[in-house]
There are 2 protein chains.
Amino acid sequence: MRQTDFMILGLLGESPLSGYQIKKIVDIRFRFFWSESFGQIFPALRSLASEGMIEEVPADGAQKRGRKTYRITPAGTEALKHWLMQPVEKETYRLEILLKMYFSNYVEPEAMLNHMQAFQAAHRQQLYILDRFQKEVEGIIDRDENHGEVLRVIDCGQKLNRAYLEWSRETIVYLERKKNNAAKNS
Amino acid sequence: MRQTDFMILGLLGESPLSGYQIKKIVDIRFRFFWSESFGQIFPALRSLASEGMIEEVPADGAQKRGRKTYRITPAGTEALKHWLMQPVEKETYRLEILLKMYFSNYVEPEAMLNHMQAFQAAHRQQLYILDRFQKEVEGIIDRDENHGEVLRVIDCGQKLNRAYLEWSRETIVYLERKKNNAAKNS
DNA sequence: CGGCGCATGTAACTTGTTACATGATTCC
DNA sequence: GGAATCATGTAACAAGTTACATGCGCCG
């Protein structure tokens with residue numbers, strides 16, 4: 001079983017979902033720390049179902065279009081719990097922006113400045129989405145849910161994005177100064 | 001050409017290196033934002049050499065053991081510059097700790113607490129390494145180098161790790177409170 | 001002279017992305 | 001009726017990891 005499988009089990013543990021809905025949740029709510037493509041989700045759903053970890057929910061009248069909804073089985077819940085108790089192994093980062101920054105003395109500060117501006121805009125947007133998500137979760141009165149854990153995850157995203165934004169601001173100042181110095185000396 | 005190729009071109013742009021040395025640099029200096037395995041580096045070196053982007057440095061007397069040292073060629077430098085000017089496309093994260101945190105209401109707070117403690121220790125260590133790296137770079141008087149850029153990258157790592165540490169502290173407090181509440185209600 | 005660390009390399013495998021094909025439904 | 005969106009799926013490819021094989025040189 002791969003990471004994708006456990007991500008699916010986790011989401012289905014909250015409520016039954018279709019592959020398409022899972023993809024949407026990952027793209028929006030998990031965006032700052034996770035990603036999946038359809039090419040992973042659909043094959044994973046099939047294999048999880050064949051292993052008895054999840055099962056298709058029989059279509060009732062309200063079923064929309066060709067949608068296939070899955071729910072977790074007791075075996076799936078056990079597998080999820082087991083995974084949750086195992087130590088975290090994989091932490092994958094690959095921040096191209098930092099690689100480019102590291103080597104950027106090869107090109108004009110101008111180029112890097114453009115990258116940084118795009119980076120800043122993306123993370124400002126992400127922080128905005130997280131702030132709204134936070135308010136949404138806090139607005140739900142319902143207890144006995146996993147709100148505490150979700151809020152902890154959102155908080156991590158906010159902290160990371162604030163760190164990125166502060167770093168962008170300072171780095172943009174640095175690059176602008178460098179650019180002006182280069183202009184003076186020419 | 002893949003990301004790995006440009007990472008190698010970037011490093012060889014600073015000084016000639018062997019595959020093994022490249023791996024060591026990535027593991028230590030780039031650890032908080034990048035990773036590569038030998039299985040990527042060696043094939044990449046071979047293909048870059050066959051494309052004329054890099055070339056083997058003729059072995060002189062001081063050459064150590066079976067070491068093969070490569071240096072960048074003018075064609076390689078051009079390719080590197082071109083890549084540096086292209087917009088950043090890929091930003092890959094996969095933070096398993098956050099996925100587990102999100103779904104952790106399925107298991108005892110105790111389990112998550114162990115994960116968080118390991119996480120905190122790892123990032124404390126990483127921050128320590130970055131602080132030392134920063135001092136090392138600042139200690140070199142030599143100008144006309146890429147120190148400014150390197151320090152900007154280190155600064156990003158420090159900010160991210162400080163964010164992780166603050167988040168761990170708060171999250172550990174949260175989990176301990178949850179654990180104590182569970183104990184009282186039993 | 002045995003073990004460790006340096007050093008290179010590959011094959012098999014796992015994982016993940018991309019591009020495409022298909023078709024239903026909703027909305028204008 | 002045409003466009004956009006919802007929805008599922010697959011095949012080909014690209015990327016990345018792991019485990020292994022090999023051998024040199026240094027140190028005790």
Between the main-chain N or O of B:Arg162 and the side-chain N or O of A:Lys159, is there a donor-acceptor pair closer than 3.5 Å?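 No, the answer is negative, given that no donor and acceptor are paired below the 3.5 Å cut-off.
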
With a 3.5 Å distance limit and no angle check, can you tell me whether A:Asp5 reaches the backbone of A:Arg2 through a side-chain donor-acceptor pair?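 Pair found, side chain donor or acceptor close to backbone of A:Arg2.
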
Taking the six-membered ring for Trp and the single ring otherwise, decide whether the centroids of A:Trp167 and A:Phe119 are under 6.0 Å apart.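 Judged by ring-centre distance (under 6.0 Å), A:Trp167 and A:Phe119 do meet the cut-off.
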
Would the B:Phe103 and A:Phe6 ring centres measure less than 6.0 Å apart?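 Centroid separation for B:Phe103 and A:Phe6: 6.0 Å or greater.
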
Tell me: [atom1] of [X] to [atom2] of [N], nearest whole Å?
X: A:Arg67; N: C:dG23; atom1: CZ; atom2: C1'; value: 16 Å
X: A:Glu89; N: C:dT14; atom1: CD; atom2: P; value: 15 Å
X: A:Phe6; N: C:dT15; atom1: CZ; atom2: P; value: 11 Å
X: A:Asp27; N: C:dT17; atom1: CG; atom2: C1'; value: 13 Å
X: A:Lys24; N: D:dC6; atom1: NZ; atom2: C1'; value: 8 Å
X: B:Lys23; N: D:dT18; atom1: NZ; atom2: C1'; value: 12 Å
X: B:Gln21; N: C:dG9; atom1: CD; atom2: C1'; value: 17 Å
X: B:Glu36; N: D:dT17; atom1: CD; atom2: P; value: 7 Å

Identify whether A:Val57 and A:Ile72 are in the same connected component of the hydrophobic contact network (ILVMFWY, side-chain heavy atoms under 4.5 Å).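 No, it is not one cluster - the side chains of A:Val57 and A:Ile72 are not joined through contacts under 4.5 Å.
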
Are A:Val137 and A:Tyr128 connected in the hydrophobic side-chain network, where two residues link if heavy atoms are under 4.5 Å apart?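 No.
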
Where is the tightest heavy-atom contact between B:Leu175 and B:Pro109, given as atom of each residue plus distance?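 Heavy-atom minimum between the residues: O-CB, 3.9 Å.
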
For the residue pair B:Phe33 and B:Phe30, categorise the inter-ring angle as parallel (less than 30°), tilted (30 to 60°) or perpendicular (more than 60°).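 Ring orientation, 0 to 90° scale: tilted.
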
State which of [options] makes the closest approach to the side chain of [X].
X: B:Thr4; options: D:dG16, D:dC6, C:dG16; value: D:dG16
X: A:Ser37; options: C:dT8, C:dT18, D:dG16; value: C:dT18
X: B:Tyr20; options: C:dG16, C:dC6, D:dT8; value: C:dC6

Sort out for me which residue in A:Leu95, A:Leu160, A:Thr92 forms a side chain to side chain contact (heavy atoms under 4.5 Å, CB included) with B:Tyr93.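 With B:Tyr93 as partner, A:Leu95, A:Leu160, A:Thr92 yield a single side chain to side chain contact (heavy atoms under 4.5 Å, CB included), made by A:Leu95.
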
Verify the contact: side-chain N or O of B:Lys68 to OP1 or OP2 of C:dG9, cut-off strictly under 4.0 Å; return yes or no.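 Yes, B:Lys68 has a side-chain N/O under 4.0 Å of OP1/OP2 on C:dG9.
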
Pull out every protein N or O sitting under 3.5 Å from an N or O of nucleotides 10-12 of chain D, one pair per line with the distance.
from   : atom 1 : to      : atom 2 : distance (Å)
D:dT10 : OP1    : A:Arg46 : NH2    : 2.9

Below 3.5 Å between N/O atoms, which protein atoms pair up with nucleotides 13-15 of chain D? Just atom names and distances, please.
from   : atom 1 : to     : atom 2 : distance (Å)
D:dA15 : OP2    : B:Arg2 : NH1    : 3.0

